[in-house]
Amino acid sequence: MMINIFIFVFGTIVGSFLNVCICRMPKKESIVKPRSHCPSCKKTIGWYDNIPLLSYILLGAKCRHCKVPISFRYFIVELITGSLFFLFFYYFGLTLEFFIYSALSAALVVVSGVDFDIQEIPDEISLPGIPIGLALSFIFPQLMGQGTHLLGLAHSALGVLAGGGLIYLIGLLGEAIFKKEAMGGGDVKLMAMVGAFLGWKLALLAAFILAPLFGAVFGIIVKIKYKESLIPYGPFLSIATIISIVWGEKLISLYISKVIFV
C-alpha cells in the first residue's frame, strides 16, 4: 500500500512539472527559470501553495494573492500523471518497463496539453523522442520482445516507419476526401516517436484502430454540439498509445482469435 501511494504521489509531483512545460513551451520560455508564479499577478508561488492536488483544493482553485481562478487543467494534469504512473506500476512493477513507459506517458501528457491549447505538437518532445526510443530498444531489446540488440533496433525502426508512415497516409487520404489538411506534421512525428518505443504492431494498433475510433467519436460530438470540425488529434494518439502499452498485446490476440474463428 505504501509503495502504491508513493508511486501515485511521485506521479503527481511530475505532473506539477508537466504543467509548467505545457504552459511555457508554446511561448518558447524556459521550463526551469523563473520559479512558478501566478500568470495573472506574477507573484511567486510558495511551496505550500504548490503541493500537487491538495493546494488546488485548499486554495479553492484561486490564487492566494489576486484571487484569480486557477485553471482546472493544473489539477487534472497532476491527477492523470499520478494515475498513469500508478497504472504502469500496477502492471509492470518496479521494472525497466515501468520507468520507460512512465517517462513516455509524461511526454504524451505534455503533448496532449499543448495540442489542446494551440493545436500544435511540440517538436521538442517528438523529435528527440525518436532517437531515444531507437536507442533504448537497441540497449534493452526486451522492450520489443526480442532477444538481440539488432532485432530490438530493427523492430523499433519498423515502428517509426509504421507509426509515422500510417498517420501520414491517413492525412493524405483525409486531405483528398475533405479537400483540406486532415493531419498535421506534428501528428506524424508523434506517432514516429511512439513507434520507436512500442514497435510496429502496437504502433499500428494505436494509429490505425484506437486513435481513429476515439477521434471519430469525439469529432462527431464536437461537430454536432459546436459545429466545429477541427480537433486536436494528439490527445487521441496519446490515449491510444497508453491503451496499446497496457492492453495492446491482448487486444491483438483477441482480434486474431476472432478472425481465425470466423
Side-chain angles (χ1 to χ4, degrees), residues 7-88 101-126 129 184 186-187 190 193-194 211 214-215 217-219 221-222 225-226 228 230-243:
I7 293 295
F8 175 77
V9 170
F10 177 70
T12 63
I13 294 172
V14 173
S16 181
F17 173 70
L18 300 185
N19 271 317
V20 175
C21 297
I22 293 170
C23 181
R24 298 186 184 183
M25 289 183 71
K27 303 174 186 175
K28 308 301 179 182
E29 297 176 351
S30 170
I31 59 175
V32 179
K33 295 181 180 181
R35 288 178 53 190
S36 296
H37 56 275
C38 173
S40 180
C41 67
K42 309 302 180 183
K43 290 279 189 179
T44 299
I45 299 174
W47 67 266
Y48 42 83
D49 287 338
N50 212 17
I51 302 173
L53 301 181
L54 290 179
S55 291
Y56 184 89
I57 296 172
L58 295 176
L59 289 170
K62 294 180 180 179
C63 173
R64 177 184 295 274
H65 304 285
C66 65
K67 306 305 179 184
V68 169
I70 302 171
S71 171
F72 183 61
R73 188 197 70 201
Y74 290 92
F75 182 88
I76 199 67
V77 165
E78 292 169 354
L79 179 62
I80 288 174
T81 308
S83 300
L84 288 175
F85 276 45
F86 175 79
L87 175 67
F88 292 131
Y101 293 143
S102 293
L104 176 61
S105 71
L108 294 175
V109 168
V110 175
V111 163
S112 299
V114 173
D115 202 18
F116 260 124
D117 283 349
I118 64 172
Q119 284 73 58
E120 289 183 14
I121 294 177
D123 287 345
E124 295 88 341
I125 298 291
S126 53
D187 299 318
L190 174 62
M193 179 190 78
V194 168
F214 298 137
V217 172
F218 184 81
I221 294 173
V222 170
K225 190 171 183 179
Y226 301 104
E228 177 63 58
L230 180 63
I231 61 171
Y233 198 53
F236 303 108
L237 293 173
S238 298
I239 293 171
T241 298
I242 300 300
I243 293 175

*Asks:* With the side chain counted from C-beta on, respond yes when Val111 and Ser126 share a heavy-atom pair under 4.5 Å apart, and no when they do not.
*Replies:* no
*Asks:* If you take all heavy atoms of Asp115 and Pro235, which pair is closest and at what distance?
*Replies:* OD2-CD, 3.5 Å
*Asks:* Using atom types as modelled and distance alone, determine if a side-chain donor or acceptor of Ser238 lies under 3.5 Å from a backbone N or O of Ser105.
*Replies:* no
*Asks:* Determine all donor-acceptor pairs shorter than 3.5 Å in which one atom belongs to a side chain in residues 67-78; sequence neighbours excluded.
*Replies:*
from: Lys67; atom 1: NZ; to: Arg64; atom 2: O; distance (Å): 3.2
from: Ser71; atom 1: OG; to: Arg73; atom 2: N; distance (Å): 3.1
from: Arg73; atom 1: NH1; to: Asp117; atom 2: OD2; distance (Å): 2.8
from: Glu78; atom 1: OE1; to: Leu53; atom 2: N; distance (Å): 2.8

*Asks:* For side-chain contact (heavy atoms from CB on, under 4.5 Å), just list the numbers for Ser40 and Cys63, CA-CA rounded to whole Å, side-chain angles, deciding distance to a tenth of an Å, and then say yes or no.
*Replies:* CA-CA 9 Å; Ser40 180; Cys63 173; over 6 Å; no
*Asks:* Considering all heavy atoms of both residues, which atom of Ala211 and which atom of Tyr233 are nearest to each other, and what is their separation?
*Replies:* C-OH, 3.3 Å
*Asks:* Find the distance between OG1 (Thr44) and CG (Asp49) and round it off to the nearest 0.5 Å.
*Replies:* 11.5 Å
*Asks:* Please report the shortest heavy-atom distance between Gly234 and Asp187, naming the atom on each side.
*Replies:* N-OD1, 3.8 Å
*Asks:* Rounded at 0.5 Å granularity, tell me how far CG in Leu59 sits from NE2 in His65.
*Replies:* 9.0 Å
*Asks:* Of all heavy-atom pairs between Met25 and Pro122, which one has the smallest distance, and what is that distance?
*Replies:* CE-CB, 4.0 Å
*Asks:* Is there a side-chain contact between Ile242 and Phe88 (heavy atoms, below 4.5 Å)?
*Replies:* yes
*Asks:* Quick check: do Phe17 and Val32 have side-chain heavy atoms less than 4.5 Å from each other?
*Replies:* no
*Asks:* Measure the spacing between CD1 of Ile13 and CZ of Phe85 and express it to the nearest 0.5 Å.
*Replies:* 10.5 Å
*Asks:* Do the non-hydrogen side-chain atoms of Glu124 and Lys28 ever get within less than 4.5 Å of each other?
*Replies:* yes
*Asks:* Testing the basics here: between Asn50 and Ser36, what is the closest heavy-atom pair and its distance to 0.1 Å?
*Replies:* ND2-OG, 4.0 Å
*Asks:* Out of curiosity, Ile51 CD1 to Ile57 CD1, how far, rounded to the nearest 0.5 Å?
*Replies:* 11.5 Å
*Asks:* To the nearest 0.5 Å, what is the distance between CD1 (Ile22) and CD1 (Ile31)?
*Replies:* 11.5 Å
*Asks:* Compare all side-chain heavy atoms of Leu190 with those of Leu108 and state whether any distance is below 4.5 angstrom.
*Replies:* yes
*Asks:* Please determine whether side-chain contact (heavy atoms from CB on, under 4.5 Å) holds for the pair Phe214 and Ile243, giving the CA-CA distance in whole Å, both sets of side-chain angles, and the decisive distance to 0.1 Å.
*Replies:* CA-CA 12 Å; Phe214 298 137; Ile243 293 175; 3.5 Å; yes
*Asks:* Could you give the distance from CD1 (Ile239) to OG (Ser112), rounded to the nearest 0.5 Å?
*Replies:* 7.0 Å
